Amino acid sequence: MLTRARRQLETAYERHLRRSISGAPTHVAVIQDGNRRYATKQGEEASDGHREGAKTTERVLDWCEDIGVEELTLYTFSTENFDRPKDQRESLFDLLEDKLYEFADAERVHESGVCIRAIGDVPELPPRVRDAIDYAEGQTRDYDNFVLNIALAYGGRNELLGAARDVAREVETGDLSPDDINVETIEARLYDRPLRDVDLIIRTGGDERTSNFLPWHANGNEAAVFFCTPYWPEFSKIDFLRAVRTYESREQSFHQAKVQRALALVRAVGGVELDEARSIIRTFREYVPDGVSMDELESGEEQNSG
């Protein structure tokens, strides 16, 4: 009876969360932590925890499609994972190989137009995993409805270090001028195809750190971060929607702060006519959030002065 009542409450709360969300982050990145601890709690082997985690990954793909997320990046195998005992590594490689082939042939992937990509130091992976990556990428290369990035042999510092070395070599050979180095220069050397800036990072398992994950695309974009305690196999749709709500609340807060700064600029030149105020706002357009009209700014100014 209690279990049924709890399910009803969870269903009602899930509906409430879904109604409270009006938009969605474009790019979500997930640190799937807690697979081994989940297995230990269940009295099972670590490999069992990873298999259960793979089921969660499939559910998250559905949830992303449901709310309109366009890109998902999964922190699946870090450079530090190479330090695990050989039997654990081999078990993970077995699972990765199986799932890459499975995803590449899945009807849902082709019906939804999912493009599968691997990011990270892929050459460091065993040949059998690299073959599975090549197959998955080849089977889905032409799709663009949704992008699924799988971070394998991944380390954020290594990623930036590699890009910096590439730039340094090109400067040394004279193929690139230091004056021409910009954001696009670095991004072009991070991946063969660009990643969107990360809007939201989710980490399961209770730790509150981002573990060197996508530093260029997440930290540079000041991504929202959602930490939660469930282990990855336990991660639910309610947890996912709460993460999205955190992102949306943060975006709204940023929007309001930018409007306030724009209004402060107008108030700082008190006494000038409205046309002059408009001119000042246009001059400082970088302080005005995209999509905010002059009418909205003027309305806000009247409310602040009233």
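Predicted model only: the values in this text are computed from it and were never measured.
With respect to Lys55 and Glu52, a salt bridge is recorded, a charged nitrogen being found less than 4.0 Å from a carboxylate O. For Asp166 and Arg189, the salt-bridge test fails: no basic side-chain N is under 4.0 Å from an acidic carboxylate O. A salt bridge links Glu58 with Lys99: the distance from a Lys NZ or Arg NE/NH1/NH2 to an Asp or Glu carboxylate oxygen falls below 4.0 Å. Ion pair Arg59/Asp62 not flagged as a salt bridge, since none of the NZ, NE, NH1 or NH2 atoms sits closer than 4.0 Å to an Asp/Glu carboxylate oxygen. Salt bridge annotation for Arg130-Asp134: absent, with no cationic side-chain nitrogen under 4.0 angstrom from a carboxylate oxygen. The existence of a salt bridge linking Lys237 and Asp66 is confirmed by a sub-4.0 Å separation between a basic side-chain nitrogen and an acidic carboxylate oxygen. The pair Asp131-Arg128 does not count as a salt bridge, with every side-chain nitrogen at least 4.0 angstrom from each carboxylate oxygen. No salt bridge links Glu65 with Arg108; every basic N to acidic carboxylate O contact stays at or beyond 4.0 Å. Between Glu137 and Arg117 there is no salt bridge, since none of the side-chain N atoms of the basic residue sits less than 4.0 Å from a carboxylate O of the acidic one.
With sequence neighbours left out, the ring-ring contact (aromatic ring centres under 6.0 Å, His included) criterion links Phe240 to Trp63. Listed by chain and residue number, nothing satisfies the ring-ring contact (aromatic ring centres under 6.0 Å, His included) test with Phe227 (two or more places apart in sequence, or in another chain). When the side-chain hydrogen bond (donor to acceptor under 3.5 Å, both in side chains) test is applied to Thr26, no partner is found at least two apart in sequence or on another chain.
One side chain, Asn149 or Glu71, offers a donor N or O that lies under 3.5 Å from an acceptor on the other. Trp216 and Glu187 share a side-chain donor-acceptor pair at under 3.5 Å. No hydrogens or angles considered: a donor-acceptor pair under 3.5 Å links the side chains of Glu80 and Ser78.
For Phe77 and Tyr154, the ring centers are positioned 6.0 Å apart or more.
His27 places no side-chain N or O within donor-acceptor distance of the main-chain N or O of Val69, the cut-off being under 3.5 Å.
The CG atom of Asn35 lies 11.0 Å from the OH atom of Tyr231; values are rounded to the nearest 0.5 Å. In this structure, CD in Gln32 is found 10.5 Å from CD1 in Ile202, a value given to the nearest 0.5 Å.
Inter-residue side-chain proximity for Ser177 and Val171 is flagged as unmet; no heavy-atom pair is nearer than 4.5 Å. In this structure, Thr140 and Val114 have side chains that are not in contact, with every pair of non-hydrogen atoms separated by 4.5 Å or more. Within the 4.5 Å cutoff, the side chain of Leu195 has heavy atoms near those of the Leu214 side chain. Side-chain atoms of Thr204 and Ile31, non-hydrogen and from C-beta on, never get closer than 4.5 Å to each other. Gln139 is listed as a side-chain neighbour of Asp105, based on a closest heavy-atom distance under 4.5 Å. At least one side-chain heavy atom of Val167 sits less than 4.5 Å from a side-chain heavy atom of Leu176. In this structure the side chain of Cys115 never reaches within 4.5 angstrom of the side chain of Phe146, judged on heavy atoms. Put simply, the side chain of Trp232 reaches to within 4.5 Å of the side chain of Val60, judged on heavy atoms.
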Assess the residue pair Thr185 and Asn182 against the criterion (side chain to side chain donor-acceptor pair (under 3.5 Å)); give the C-alpha distance rounded to whole Å, side-chain angles, the decisive distance to 0.1 Å, and a yes or no. CA-CA 5 Å; Thr185 305; Asn182 53 27; 2.9 Å; yes

Taking it one step at a time, do Phe103 and Leu61 satisfy side chain to side chain contact (heavy atoms under 4.5 Å, CB included)? CA-CA 11 Å; Phe103 271 42; Leu61 283 170; 3.5 Å; yes

Go through the steps to decide whether Leu241 and Arg18 satisfy the test side chain to side chain contact (heavy atoms under 4.5 Å, CB included), and finish with yes or no. CA-CA 7 Å; Leu241 293 174; Arg18 186 65 185 89; 4.2 Å; yes

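By the 30° and 60° cut-offs, the orientation of the rings of Tyr101 relative to Tyr135 is tilted.
The same ILVMFWY cluster, assembled from side-chain heavy atoms under 4.5 Å apart, contains both Ile119 and Leu190.
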